[in-house]
Visitor: 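Submitted below is the structure of interest, expressed as structure tokens.
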Amino acid sequence: QVQLVESGGGLVQAGGSLRLSCAASGRTVSSYDMGWFRQAPGKERDFVAAILWIGSRPYYADSVKGRFTISRDNAANTVYLQMNNLKPEDTAVYYCARRQAGNFYLARNYDYWGQGTQVTVSS
């Protein structure tokens, strides 16, 4: 059974930084496309970033381009999300997920999810 565990969330002031980690079981990180999504109160779960299993090519939502960086460490079976210059609108629960098939921008195309980690950015 695939398990994904997020960590690294917390409370920061606007302009600060956080690095989220997603530790996975098995060969999940090295053999699948991985993604980060976030869900703010009263809003839908939205795509943040993804990294392909071959070549580690990254993709980002327009709202985080230039501020967030997704990366992976196959030996540690871990995917990271470095978040810089955080803004109050980044406040959300952040989820790590493994893509099963289809367009990686859509949450419904991911088959395994972590429990999420809270990120709160104050003004």
Visitor: Without swapping roles, check the side chain of N109 against the backbone of R99 for a donor-acceptor pair under 3.5 Å.
Guide: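 Judged by distance alone, no pair lies under 3.5 Å.
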Visitor: Could you tell me whether the side chain of D33 and the main chain of W53 form a donor-acceptor pair under 3.5 Å?
Guide: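 Yes: the side chain of D33 pairs with the backbone of W53.
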Visitor: Would you check if the side chain of T91 reaches a backbone N or O of V121 as a donor-acceptor pair within less than 3.5 Å?
Guide: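 Pair found, side chain donor or acceptor close to backbone of V121.
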Visitor: If every non-hydrogen atom of N77 is compared with every non-hydrogen atom of G26, which pair is closest and at what distance?
Guide: ND2-O, 2.6 Å
Visitor: If you compare all heavy atoms of A40 against all heavy atoms of A92, which two are closest, and at what distance to 0.1 Å?
Guide: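 For A40 and A92, the tightest heavy-atom pair comes out as N-CB, 3.8 Å.
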Visitor: Salt bridge between K87 and D90, side-chain N to carboxylate O under 4.0 Å?
Guide: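 So K87 does not pair with D90 through a salt bridge.
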Visitor: I'd like to know whether the aromatic ring centres of W36 and F68 sit less than 6.0 Å apart in this structure.
Guide: no
Visitor: Hey, mind stepping through V48 and M83 against side-chain contact (heavy atoms from CB on, under 4.5 Å) and telling me if it holds?
Guide: CA-CA 11 Å; V48 175; M83 305 185 295; over 6 Å; no
Visitor: If you take all heavy atoms of I70 and P58, which pair is closest and at what distance?
Guide: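 Answer, listing the atom of I70 first, then P58: CG2-CB, 3.7 Å.
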Visitor: Which heavy atom in A49 sits nearest to a heavy atom in L81, and how many Å separate them?
Guide: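 Taking A49 first and L81 second, the nearest heavy atoms are CB-CD1, 4.2 Å.
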Visitor: Return the minimal non-hydrogen interatomic distance between S21 and T78, and the atom names on each side.
Guide: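 Taking S21 first and T78 second, the nearest heavy atoms are CB-CG2, 4.3 Å.
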Visitor: Does CD belonging to E89 count more than 12 external heavy atoms closer than 6.0 Å?
Guide: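 More than 12 heavy atoms, drawn from other residues, nucleotides or ligands, come within 6.0 Å of this atom.
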Visitor: Testing the basics here: between A24 and L4, what is the closest heavy-atom pair and its distance to 0.1 Å?
Guide: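 Taking A24 first and L4 second, the nearest heavy atoms are CB-CD2, 3.4 Å.
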Visitor: Does C96 offer a backbone N or O that forms a donor-acceptor pair with the side chain of E6 under 3.5 Å?
Guide: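 Pair found, side chain donor or acceptor close to backbone of C96.
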Visitor: Backbone N or O of Q3 within a donor-acceptor pair of the S25 side chain at under 3.5 Å?
Guide: yes
Visitor: Is there a side-chain contact (heavy atoms from CB on, under 4.5 Å) between R45 and V93? Walk through the geometry before answering.
Guide: CA-CA 9 Å; R45 185 171 298 185; V93 176; over 6 Å; no
Visitor: V119 and L20: side-chain contact (heavy atoms from CB on, under 4.5 Å), yes or no, with the steps?
Guide: CA-CA 9 Å; V119 172; L20 305 184; 4.1 Å; yes
Visitor: Parallel, tilted or perpendicular for F104 and Y59, by the 30°/60° rule?
Guide: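 The arrangement is tilted - the two ring planes meet at 30° to 60°.
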Visitor: Would Y95 and Y110 count as a ring pair (Phe, Tyr, Trp, His ring centres under 6.0 Å) if you check the C-alpha gap in whole Å, the side-chain angles of each, and the deciding distance to 0.1 Å?
Guide: CA-CA 11 Å; Y95 298 91; Y110 291 74; over 10 Å; no
Visitor: For the atom pair CG (L86) and CZ (R67), what is the distance rounded to the nearest 0.5 Å?
Guide: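 CZ of R67 is found 6.5 Å from CG of L86.
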Visitor: Step through the shown structure and confirm whether more than 12 heavy atoms of other residues, nucleotides or ligands are within 6.0 Å of CD on Q118.
Guide: yes
Visitor: So which residues get pulled into V5's cluster when ILVMFWY side chains under 4.5 Å apart are joined, directly or through others?
Guide: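 In the cluster with V5 there is nothing else; it is isolated.
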Visitor: With a cut-off of under 6.0 Å to the ring centre and 45° to the axis, is R98 in cation-pi contact with Y32?
Guide: yes
